[in-house]
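So the structure is just underneath, and the comments pick up after that.
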Amino acid sequence: MRAQGFVQGALISLLVCPPGCKGPGTPPPPLHQLPLQGAVVSGQPLATQVGLDILEAGGNAADAAVAAALALAVVLPQAGNLGGGGFALWVPHQGQGEVIDFREVTPQAFDQDLYLDDEGKLVRRRSLETPLAVGVPGSPAGLYSLFKRHGSGRFSFLQLCAPAISLAREGIPANSWLVRSLGAEGPKRRLQANPAARALFYPHQGGEALRVGDALIQEDLAQTLERYGNQGPQGFYQGQTAALLLDSLAEANEREGNLVGERGMTAADLTSYSSLVRSPLRGWFRGFEVLSVPPPSSGGFVLLQVLGILEGLPLEGQRTPQGEPTVRAMHWWIEAMRMAFADRAEHLGDPADYAVPLDALLGADWVTMRRVSIGPQADLDCRAWVPPGAPESSQTTHLSVLDDQGNAVSLTTTLNATFGSGIMVKGGGFLLNNELDDFSIVSGTPNMFGLLGGEANQLRPGRRPLSSMTPTVVREGGGRVVLVLGAPGGPRIISSVLQVVLRVLVHRQDLESAVRAPRLHQQWRPKETRVEKGFDPELVKLLEATHGQPFAKGSAAGLIQAIGVGANGQPSVVSDPRSGGTGGLQREKAPR
Ligand code: DON
């Protein structure tokens, strides 16, 4: 076992290094098999097709990811977006890769007081469906950065926007997934309160929603995409699109009885937005290299801490004859998640503004301490890491792309809730996020996902809210990509990615079985572990009886979009059967 020194902003490397690995900064051996074909998987078939078309026209993984993400902004308005943000993990065929952080930012005039009533109590809906919910969008800056930094150079930016523009202008048939989302209570209330969104999504008499097969034509969005395609981020953060966005927020503010006063989002908030380039977090698990995203997402951290804890446990001896994890293995999974989410709540936030002690939290000492403290009984009161010497203190969407040159992109983007804040930019045709609910606005008061937090993730001007997005790539020691995956689902993103990684790497399940298997989710608070419908009730009973694990029913799964690559270089795609997405393989080429 080898512990590395950890430096924020540098590649974080955890624990065991595979044979032949010389540590961070060492390029992998150049010769390993390229994938036989490229592959794309996303949450909507039309967006997957856009990505495949770009690969087949000679684009690389970055080109295809950008075009597919823009298509999602049109064909999956629940989550695909221009008005939200996310993280993209670029892992090239050779070398270390990087993360593009295009998380939304808190406008300069927003602060905690705006979210509280006269008695100082949090008013929940302000961070969910009013202008106070909306962070400065990051997607237009982030997708452009992915194109500029890693695109093949074979396409202009406008060419990558073109498929999305056509889909918006010519229209797409509303599918049952979209229609179901429009009928759900929360999204319906938010969207119907906004005249532009109501006109687009509820066009029938009496404000009835689009029906399956109705054409969804988005001409305003087509024009927004054209301005962006022609001018790059300036065509969004300045000029007509910016003016329309600010006007729409001002109108929404009026409808709320002037909630924000003079403290709304400004033109300066928009022009000063920039995406950031960060180093991936990296850990080793069973000789595989796991790359994921650093703060301001907690996804990579929780994934790597849990894998670090499990790395030293004999999971291979805990397999049922069917290859499933035993009761004891599940107990270990749950306890490791409980521990990592406790650290998340206390210590994770925007590193620009809060010193996240990642080196300590992922260091061998703490990870080992966590591992040895797993006992036979659930530790429902487990506490977060305490700095030495300190007093004890108290709808998103993911796409994965692999090209036949071995480059991978794992990209998660979100509006936060389904259709975000429901505030649609009139004349711009796009929805704005409600990402500011990801902050812990009042300590001890859970956010929409039941997540708690403290000072580390307190809402402050200019801060990025803590995320759970976990776009991840797993490589073999030699550098060959074996998995590209991620999911939507709030904190369930992390547990879903984790469980698929464990099932594939430890239980040797094929990717499809690993994704299909019923999931559990543990996030420290609430104490109960949630299990999906279909999770073996006998297993639940045994975990309760043998290990004192409490359970609750509920939604426990994020929607995985994964690419796996077999030892012979053959990729396979799995779009979570719980979602309406698809994957596809690039057409085979003549043998190389
Ligand atoms: O960044 C986050 O963690 C959340 N805003 C993600 C929201 C999400 O995944 C909703 N999807 N089901």
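Count residues from 1 along the sequence. Note that ligands are numbered from 1 as they come in the structure, with each ligand's atoms numbered from 1 the same way.
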- Taking N or O atoms only and a 3.5 Å limit, does F449 qualify as a polar contact for ligand 1? no

- Task: Answer yes or no: does an N/O atom from P488 fall short of 3.5 Å to an N/O atom of ligand 1?
- Result: no

In the protein, which heavy atom is nearest to [atom], and how far is it?
atom	answer
atom 3 (O) of ligand 1	S468 N, 2.7 Å
atom 10 (C) of ligand 1	Q395 N, 2.7 Å
atom 7 (C) of ligand 1	T396 OG1, 2.8 Å
atom 4 (C) of ligand 1	D438 OD2, 3.2 Å
atom 1 (O) of ligand 1	S467 OG, 2.7 Å

Could you tell me whether [X] and [Y] have a side-chain N and a carboxylate O separated by less than 4.0 Å?
X	Y	answer
R578	D576	yes
D353	R460	no
R525	E346	no
K188	E185	no
R126	E256	no

- Message: What I'd like to find out is whether the side chain of S440 reaches to under 4.5 Å of the side chain of L452, using heavy atoms alone.
- Response: no

- Should the proximity of L466 to ligand 1, defined as any heavy atom under 4.0 Å, be assigned to the side chain, the backbone, both, or neither?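 It is neither part, as no heavy atom is under 4.0 Å.
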
- Message: Please classify the R103 to ligand 1 contact at 4.0 Å (heavy-atom distances, strictly less than): side chain, backbone, both or neither.
- Response: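 Looking at R103 and ligand 1, just side chain atoms fall under 4.0 Å.
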
- Message: Show, in sequence, the C-alpha distance, side-chain angles and deciding distance for T48 and S42, and conclude whether the side-chain hydrogen bond (donor to acceptor under 3.5 Å, both in side chains) test is met.
- Response: CA-CA 6 Å; T48 299; S42 86; 2.9 Å; yes

- Ligand-side contact atoms (ligand 1) for residue partner G489, heavy atom cut-off under 4.0 Å: 8 (C), 9 (O), 11 (N), 12 (N)

- Would you mind running through ligand 1 and noting each atom that sits below 4.0 Å from a heavy atom of I493?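 In order of number, 9 (O).
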
- Message: Tell me if the aromatic rings of F430 and Y228 count as close, with their centers under 6.0 Å from one another.
- Response: no

